[in-house]
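Notes follow the structure.
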Amino acid sequence: TPHIWYGDEVGMQGAHDPDCRRPFNWEYTEDLEKVALRDYYKKLIQIRKEYSCLRTGSFNTIIADGMVYGYSRSDVYSSISVIINNDTKRHKIIIPFNNVNAIDLLTGKKFDTIDGMLEIELAPMSGAILL
């Protein structure tokens with residue numbers, strides 16, 4: 001289950017006790033980067049709410065290669081693959097994929113599979129949620 005610490009959704013900083021719980025920064029709306037971060041969290045939350053497989057589906061690791069990790073979640077209603085590039089450099093990732101095409105729910109970008117394989121390139125410190 002994902003866990004978002006208080007203030008993470010707007011990029012709040014904190015340190016060790018007693019600096020770990022600053023008052024909420026309600027002026028974050030004046031900073032476009034913080035608003036974009038909040039909107040990104042909202043998008044992730046909406047995706048998780050919309051696709052039950054992300055909450056209760058089976059879990060399968062599909063790639064674990066250095067700083068690249070991917071898994072799939074499936075239930076009777078949907079199947080989603082999540083690929084994460086936690087590296088500081090770009091990676092081209094090839095994974096098995098059952099559908100003819102895929103869409104990244106984060107960006108809307110569409111991908112075609114070739115012979116049951118999906119090729120995706122991920123920027124450093126990024127990911128994709130593939131339907």
Original post:
Does some side-chain heavy atom of Asn86 sit less than 4.5 Å from a side-chain heavy atom of Met125?
Top reply: yes

**OP:** With sequence neighbours left out, write down each residue that passes side chain to side chain contact (heavy atoms under 4.5 Å, CB included) with Leu44, or none if nothing qualifies.
**Re:** Tyr40, Leu106, Ile129

**OP:** Answer yes if Val35 and Ile45 sit in the same cluster of Ile, Leu, Val, Met, Phe, Trp and Tyr residues linked by side chain heavy atoms under 4.5 Å apart, and no otherwise.
**Re:** no

Original post:
Looking only at heavy atoms, which two atoms of Tyr6 and Met12 are closest? And how far apart?
Top reply: CE2-CE, 4.4 Å

Original post:
Side chains of Ile120 and Lys92: closer than 4.5 Å at any heavy-atom pair?
Top reply: no

**OP:** Check whether the side chains of Ser52 and Asp75 place a donor and an acceptor atom closer than 3.5 Å, and report yes or no.
**Re:** yes

Original post:
Can you list the residues that meet the salt bridge (Lys or Arg N to Asp or Glu O under 4.0 Å) rule with Arg90, with sequence neighbours excluded?
Top reply: Glu121

Subject >> Value rounded to 0.5 Å, distance of CD1 in Ile94 from CD1 in Ile114 >> reply: 9.5 Å

Original post:
Parallel, tilted or perpendicular for Trp26 and Phe24, by the 30°/60° rule?
Top reply: tilted

Original post:
Can you hop from Ile93 to Phe97 via hydrophobic side chains spaced under 4.5 Å?
Top reply: yes

Subject >> Heavy-atom check, side chain of Val82 versus side chain of Tyr69, under 4.5 Å >> reply: no

Original post:
Going from CG on Asn60 to OG on Ser72, what distance comes out if it is rounded to the nearest 0.5 angstrom?
Top reply: 4.5 Å

**OP:** Could I get the full list of side chain to side chain contact (heavy atoms under 4.5 Å, CB included) partners for Ser58, not counting sequence neighbours?
**Re:** Ser74

Original post:
Under 6.0 Å between ring centres, would you say that holds for Tyr77 and Tyr51?
Top reply: no

Subject >> Non-hydrogen side-chain atoms of Arg73 and Ser79 separated by less than 4.5 Å >> reply: no

Original post:
Do the side chains of Phe111 and Ile95 join up, straight or via other hydrophobic residues, at under 4.5 Å, putting them in one cluster?
Top reply: yes

**OP:** Using atom types as modelled and distance alone, determine if a side-chain donor or acceptor of Asn25 lies under 3.5 Å from a backbone N or O of Thr29.
**Re:** no

**OP:** Check whether Val10 and Ile4 end up in the same hydrophobic cluster, where Ile, Leu, Val, Met, Phe, Trp and Tyr are linked by side-chain heavy atoms less than 4.5 Å apart.
**Re:** no

Original post:
Should Ile84 and Val68 count as side-chain neighbours, where that means a heavy-atom distance under 4.5 Å?
Top reply: no

Original post:
Where do Lys43 and Leu105 come nearest, in terms of heavy atoms and distance?
Top reply: CE-O, 3.6 Å

Original post:
Closest approach of Ser126 and Ala123, non-hydrogen atoms and distance?
Top reply: OG-O, 2.6 Å

**OP:** Let me know which of Glu9, Lys34, Arg38, Glu33 forms a side chain to side chain donor-acceptor pair (under 3.5 Å) with Tyr28.
**Re:** Arg38

Original post:
Should the pair Trp5 and His3 be assigned to parallel (<30°), tilted (30 to 60°) or perpendicular (>60°) ring geometry?
Top reply: perpendicular

Original post:
Ile63 and Leu118: same hydrophobic cluster, using ILVMFWY side-chain contacts below 4.5 Å?
Top reply: yes

Original post:
Name the one of Leu122, Ile83, Leu130 that satisfies side-chain contact (heavy atoms from CB on, under 4.5 Å) with Asp104?
Top reply: Leu130

**OP:** Supply the atom-to-atom distance Glu50 CD to Leu131 CG, rounded to the nearest 0.5 angstrom.
**Re:** 8.5 Å

Original post:
What distance do Met117 atom CE and Asp115 atom CG have between them, rounded to the nearest 0.5 Å?
Top reply: 9.5 Å

